[in-house]
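Order of the sequence lines fixes the chain letters, A, B, ..., with proteins taken first and strands second; residue numbering starts at 1 for each chain.
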Protein chains: 2
Amino acid sequence: MTATTALEHILEELEQAEGLAGLQIAIEALRSEMNVDHMVYHWVDSAGDQYGCGTYPPEWVQRYLDQNYLRVDPVIAGCYQRFHPVDWKRLDWSSKAARAFQKEAISYGVGNQGFSVPIRGPNGQFALFTVSHSGNDAEWATFTKTHTKNMLLISHVFNRKALDLEPDRTPEHAQALSPREVDAVTLLAMGYNRAQVAQSLAISEHTVRVYVESARFKLGAMDTTHAVARAISRGLIVV
Amino acid sequence: MTATTALEHILEELEQAEGLAGLQIAIEALRSEMNVDHMVYHWVDSAGDQYGCGTYPPEWVQRYLDQNYLRVDPVIAGCYQRFHPVDWKRLDWSSKAARAFQKEAISYGVGNQGFSVPIRGPNGQFALFTVSHSGNDAEWATFTKTHTKNMLLISHVFNRKALDLEPDRTPEHAQALSPREVDAVTLLAMGYNRAQVAQSLAISEHTVRVYVESARFKLGAMDTTHAVARAISRGLIVV
DNA sequence: TTTCCCCTCCCCCAAAATGGGGAGGTGCCG
DNA sequence: CGGCACCTCCCCATTTTGGGGGAGGGGAAA
């Protein structure tokens, strides 16, 4: 199994890589080693910011960003619905927008086949590690079958490196909620209203309000709904 | 590398396993193969329901459920904050409740060392694949270093099998939101109120209301906050 | 073609949440 | 000891939401 050894070698180099440039070198080496047209790492954070690195043509990347294809791309939508690596064929391409998107992607040189590994983070973070290739279904089925394990391993190692590049958001995210705030916000997120929360926590409705206001302030939220959204996105509450 | 071969053999058997009983057999084989005290798969879904299988003493599992330790367990809280496998030592055990929990866990036979792989799903689903062992820090460091890759692979395969056992929730979860509903709910989740959403979408405030009510109905939510929480948990909106 | 869902708009009114104050207790850390 | 963060309680006025109606046009699917 020389392929595996070569892969492991690249992964070891990846561990030593520094900066986005290092990741770029590694991803090209991996693409070459796995003998596919494209390999891409795509990161989306809770604010909707995204970045990535990979071998897609820059024009396509630019187009994708300009058109805000993030909200159209069935790969994004589909992987948001899944735990597991997914073959693009199994995604939902039924909408008109999706088919137009697919056609355009192929015209830019993105392969007609693809396979993406989703990785989900605590703050609404979401990363995709993708291989894409032009070829028929049979070839591609063989590829995905033999390389699923490798893709898993690669995506994990790569993602870990990519996280090191993330600007440290802990200062703003470190705003933890107090236990009672967590209680209150959690119950609200579960569909309770303030009165029910108060009863459930055996405190006055007004106290609940103080907690929610406090949580709202800490989370920089405009209202309760916003606060709940942020608390969930940041993994502060378990709904 | 006979260890790897044996592991792969077990994983192949796991692929064939059927039912929770099959997983139980597999997890015991894996525990034995990796030579640790305990191996556990723990699943938490968006409703707060949980189940699992593994080698923890039944008394501890019962105690955990009875006491609702889900909301205390630093392994749960910590893995909710992380992308990556984590050594229990790196978690936050500073709170009184956490230390009491740890002490009680050890008294029930859970090892003092542990290593958990978090896997996050689209519907607020969350699974943990854990190995736990009693031993000193040096031994454990060696173990984690050599077995991280295996743990990744195992947790993936195991999780995929476990998902097959999940009751099919697609009927209730398949309730996708219409594009405008997604727009409205997304903006609400971003802290806009109805009037702002209306302005932002260039539609009447009343229309926004119709969308939100519709989304609330589809999501089975009690109010807007609940609807937003569910939409985020189910990955229907990207905040 | 009929049916169904989606998008868009309007009315009224009751209920709930929010924002602005203030106040007292505990417990921890420097 | 003095702050600081946390937990708990109260009033009032205002804003926001929710629930009940109804109505028309468009597109897709059966």
Side-chain angles (χ1 to χ4, degrees), chain A residues 71 92-100 174-231 236-237, chain B residues 71 92 94-100 171 174-231 236-237:
Chain A
R71 300 203 185 261
D92 176 20
W93 298 93
S94 63
S95 85
K96 200 173 292 182
R99 279 192 301 267
Q175 279 291 19
L177 301 178
S178 80
R180 289 308 246 180
E181 285 159 4
V182 171
D183 290 342
V185 174
T186 300
L187 290 171
L188 288 174
M190 288 165 60
Y192 289 34
N193 62 28
R194 278 202 314 221
Q196 291 173 313
V197 172
Q199 196 178 3
S200 178
L201 296 179
I203 54 179
S204 81
E205 190 173 334
H206 195 90
T207 304
V208 172
R209 239 181 61 186
V210 174
Y211 294 150
V212 177
E213 272 174 40
S214 169
R216 221 172 36 228
F217 179 75
K218 288 182 182 175
L219 295 167
M222 302 298 295
D223 52 36
T224 301
T225 300
H226 194 194
V228 166
R230 293 205 155 177
L236 299 175
I237 63 174
Chain B
R71 302 205 183 260
D92 176 20
S94 62
S95 85
K96 202 174 290 181
R99 279 192 301 266
Q175 281 289 20
L177 301 179
S178 80
R180 290 308 247 178
E181 286 160 4
V182 171
D183 290 342
V185 174
T186 301
L187 290 171
L188 288 174
M190 288 165 58
Y192 291 33
N193 62 26
R194 272 198 321 216
Q196 292 173 313
V197 172
Q199 196 177 3
S200 178
L201 297 178
I203 54 178
S204 81
E205 189 174 336
H206 194 90
T207 304
V208 172
R209 236 182 65 184
V210 175
Y211 294 151
V212 177
E213 273 173 36
S214 171
R216 216 172 41 227
F217 179 75
K218 288 183 182 174
L219 295 167
M222 302 299 295
D223 52 34
T224 301
T225 300
H226 195 195
V228 165
R230 292 204 157 176
L236 300 175
I237 64 175

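Applying the 6.0 Å contact sphere to CD of B:E205 captures more than 12 heavy atoms from other residues, nucleotides or ligands.
Checking D:dC9, D:dG18, D:dG21 against every side-chain atom of B:H206, the shortest atom distance belongs to D:dG21. For A:T224, counting side-chain heavy atoms from C-beta on, the closest listed nucleotide (D:dT16, C:dT18, D:dC9) is C:dT18. Ranking D:dT8, C:dT18, D:dT16 by closeness to the A:I203 side chain, first place goes to D:dT8.
At whole-Å resolution of the value, CD in A:E213 and P in C:dG20 are 8 Å apart. A:D223 has its CG atom 10 Å from the P atom of D:dT16, to the nearest Å. Between the CZ atom of A:F217 and the C1' atom of D:dA5 there is a distance of 13 Å, given to the nearest Å. A straight line from CG of A:L188 to P of C:dA17 spans 8 Å, rounded to a whole angstrom. In this entry the distance linking NE2 of A:H226 with C1' of C:dA17 reads 17 Å, nearest Å.
In this structure the side chain of A:R180 reaches within 4.5 angstrom of the side chain of A:I203, judged on heavy atoms. Proximity of A:L188 to A:V197: side-chain heavy atoms (C-beta onward) are separated by under 4.5 Å at one or more points. Residues B:L187 and B:M190 are in side-chain contact: their nearest non-hydrogen atoms beyond the backbone lie under 4.5 Å apart.
Not one side-chain nitrogen or oxygen of A:S204 sits closer than 4.0 Å to the OP1 or OP2 atom of D:dT8. Here B:N193 reaches the OP1 or OP2 of D:dT16: one of its side-chain N or O atoms lies under 4.0 Å away.
Nucleic acid contact class of A:V212 (heavy atoms, under 4.0 Å, all strands): none. Nucleic acid contact class of B:M222 (heavy atoms, under 4.0 Å, all strands): none.
Here the side chain of A:R230 pairs a donor or acceptor atom with the backbone of A:G220 at under 3.5 angstrom. Judged purely by atom type and a 3.5 angstrom limit, B:Q196 uses its side chain to pair as donor or acceptor with the backbone of B:N193.
Annotation: the span from B:L177 atom CG to B:L219 atom CG amounts to 5.0 Å, rounded to 0.5 Å.
For B:R216 against D:dG18, no side-chain N or O and base N or O form a donor-acceptor pair under 3.5 Å. For C:dG20, its base sits under 3.5 Å from the side chain of A:R209 at one donor and acceptor pair at least.
Remark on DNA chain D: of its neighbouring residues A:E205 and B:R194, the 5'-side contact belongs to A:E205, judged by nearest-heavy-atom nucleotide.
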Provide a list of protein-nucleic acid N or O atom pairs under 3.5 angstrom, restricted to nucleotides 2-6 of chain C.
residue, atom, partner, partner atom, Å
C:dC6, OP1, B:K218, NZ, 3.2

